[in-house]
Visitor: 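Have a look at this one.
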Number of protein chains: 2
Amino acid sequence: MRPPKRDELVREALKIFYREGFHATGMDRLAAETGISKTTMFRHFRTKEELILAVLRLRDEDFRNWLFRRMEEAGPPRAQILAMFDALGEWFASPEFRSCMFIKAASEYPEPQNPIHAQSAEHKRLLYRQLVKIVSAAGATDAEQLTRMLLLLKEGAIVTAHLGHEADPAGDARCAAETLLAAAEI
Amino acid sequence: MRPPKRDELVREALKIFYREGFHATGMDRLAAETGISKTTMFRHFRTKEELILAVLRLRDEDFRNWLFRRMEEAGPPRAQILAMFDALGEWFASPEFRSCMFIKAASEYPEPQNPIHAQSAEHKRLLYRQLVKIVSAAGATDAEQLTRMLLLLKEGAIVTAHLGHEADPAGDARCAAETLLAAAEI
DNA sequence: TCGAAACGAAACCGATCGGTATCGATTGAG
DNA sequence: CTCAATCGATACCGATCGGTTTCGTTTCGA
């Protein structure tokens with residue numbers, strides 16, 4: 001039982017930051033809602049920013065693990081790519097869905113040199129590197145370009161699902177992705 | 001010279017909110033940076049939220065006017081659609097670019113029933129209605145679905161340009177759009 | 001059993017939050 | 001000229017911000 005409170009804090013803070021936003025969530029309310037004292041919080045993290053960075057690290061791990069595990073279950077590369085959009089659709093349908101944590105973080109910390117912004121960008125870079133392997137395996141001629149296009153659809157679907165009236169952004173994205181794959185002879 | 005300060009305030013507040021975020025910008029600092037006294041600010045707007053809503057109304061008008069005027073210059077419907085992505089590319093290249101104001105607003109006010117969130121959603125809806133006419137004129141069989149797909153690319157390009165390492169998200173989006181148009185026989 | 005480390009309760013810090021109150025100066029239309 | 005509306009300066013309000021300090025309690029391995 002070394003630092004269990006630290007992990008518990010990061011997990012709980014993730015939920016609250018995701019639900020309410022970063023600036024809107026004060027450390028006092030964080031302490032009240034998690035049941036973890038402010039003293040303990042600031043013993044593990046010297047600043048709020050450090051806590052946020054830890055939260056984003058956890059989210060990056062959780063999200064990429066979840067997404068690519070879902071995709072792997074689909075079988076061959078082409079099916080894996082399309083399965084990404086099916087997974088997104090399930091995510092959007094959950095009542096807790098409130099857009100992408102990293103898009104939100106970058107929105108609240110807009111300067112590119114900000115550590116929180118930079119770490120959010122890193123998440124997107126890792127996603128890209130992971131996806132480009134699958135697109136390559138699917139036999140794409142220009143796998144990098146196709147990957148970038150597919151990720152545009154993914155990001156667009158996320159913000160549209162959060163902001164939109166649209167019935168099924170994940171389905172639209174999947175449909176567009178099928179067209180892109182067909183044009184790439186995949 | 002009826003209420004010139006009001007308009008000036010909204011214009012200046014737009015810049016600052018866009019640059020720094022909503023929660024991060026206090027009314028005191030807004031007064032200091034605009035040179036308009038807090039007294040006057042609160043005479044025109046009863047709350048910060050009312051000011052933000054006015055800012056978003058202005059932004060909605062400005063952005064849609066700018067974008068669709070740019071598109072009209074391109075000539076026929078198909079060229080107009082592609083011109084949207086060229087316009088985005090120019091926007092991304094400007095040093096003041098910091099993502100989409102409405103995506104940011106929805107990020108900071110995540111609950112759908114929040115007035116700021118709702119008004120941001122309304123902007124996206126107006127964009128959709130305007131674009132679907134052009135896509136229809138281009139001769140699309142399912143203009144609504146095609147419009148939704150094109151807007152996914154647009155939103156994806158915006159967040160990727162803000163968050164990304166990517167060299168040219170607008171170019172990638174345009175390229176994907178060309179594929180979608182070709183598949184729709186346009 | 002002892003000591004170090006992890007924890008909590010609570011008070012405290014200066015700064016800033018959104019918003020108000022008071023009062024006097026400026027201005028423009030009748 | 002007058003009167004009402006617009007504006008600014010300044011001080012103020014209670015609440016909350018991120019962060020610290022103090023001190024007492026719990027826990028667990030050596």
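Just so it is clear, the values below take in all heavy atoms, side chains as well, and ignore hydrogens, waters and symmetry mates. Worth saying up front: this structure is predicted, and the values here are computed from it rather than measured.
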Visitor: Whole Å only: how far is the CE atom of Met41(B) from the C1' atom of dT6(D)?
Guide: 16 Å
Visitor: Does OP1 or OP2 of dC17(C) have a side-chain N or O of His23(B) closer than 4.0 Å?
Guide: no
Visitor: Please determine if Lys104(A) forms a cation-pi arrangement with Phe22(A), meaning its NZ or CZ atom is less than 6.0 Å from the six-membered ring centre and no more than 45° off the ring axis.
Guide: no
Visitor: Please tell me which of the listed nucleotides, dG8(C), dG8(D), dC7(D), lies nearest to the side chain of Ile36(B)?
Guide: dG8(D)
Visitor: Any N or O donor-acceptor pair under 3.5 Å from the base of dA10(C) to the side chain of Ser37(A)?
Guide: no
Visitor: Without swapping roles, check the side chain of Glu50(B) against the backbone of Arg46(B) for a donor-acceptor pair under 3.5 Å.
Guide: yes
Visitor: With a cut-off of less than 4.0 Å, is there a side-chain N or O of Thr40(B) near OP1 or OP2 of dC7(D)?
Guide: no
Visitor: From CZ of Phe42(A) over to C1' of dC13(C), roughly how many Å is that when rounded to an integer?
Guide: 13 Å
Visitor: For the side chain of Lys48(A), starting at C-beta, report the closest nucleotide among dT22(C), dG18(C), dG19(D).
Guide: dG19(D)
Visitor: Hey, does the Lys NZ or Arg CZ of Arg59(A) hover above the aromatic six-ring of Tyr18(A), less than 6.0 Å from the centre and inside 45° of the axis?
Guide: yes
Visitor: Send over the distance from Lys38(A) NZ to dC12(C) P, rounded to a whole Å.
Guide: 14 Å
Visitor: Rounded to whole Å, please give me the gap between CG in Leu51(B) and C1' in dC17(C).
Guide: 15 Å
Visitor: Using atom CE of Met27(A) as one end and atom C1' of dA15(C) as the other, report the distance to the nearest whole Å.
Guide: 17 Å
Visitor: Take the protein atom CZ of Arg46(B) and the nucleotide atom C1' of dG19(C), then report the distance between them rounded to whole Å.
Guide: 13 Å
Visitor: Test: ring pair (Phe, Tyr, Trp, His ring centres under 6.0 Å). Region: residues 155-186 of chain A. Which pairs qualify, not counting sequence neighbours?
Guide: His162(A)-His117(B)
Visitor: What is the distance from NZ of Lys5(B) to C1' of dA25(C), rounded to the nearest Å?
Guide: 14 Å
Visitor: Whole angstrom is fine here: how far is it from CZ in Arg43(A) over to C1' in dT25(D)?
Guide: 12 Å
Visitor: Want to settle it: does Thr39(A) or Gly26(A) sit nearer the 5' end of DNA chain D, counting the closest nucleotide to each?
Guide: Gly26(A)
Visitor: Within the 4.0 Å heavy-atom criterion, would you say Arg29(A) contacts the bases, only the backbone, or no part of the nucleic acid?
Guide: nothing
Visitor: Does Lys154(A) reach the main-chain N or O of Leu88(A) with its side chain, forming a donor-acceptor pair under 3.5 Å?
Guide: no
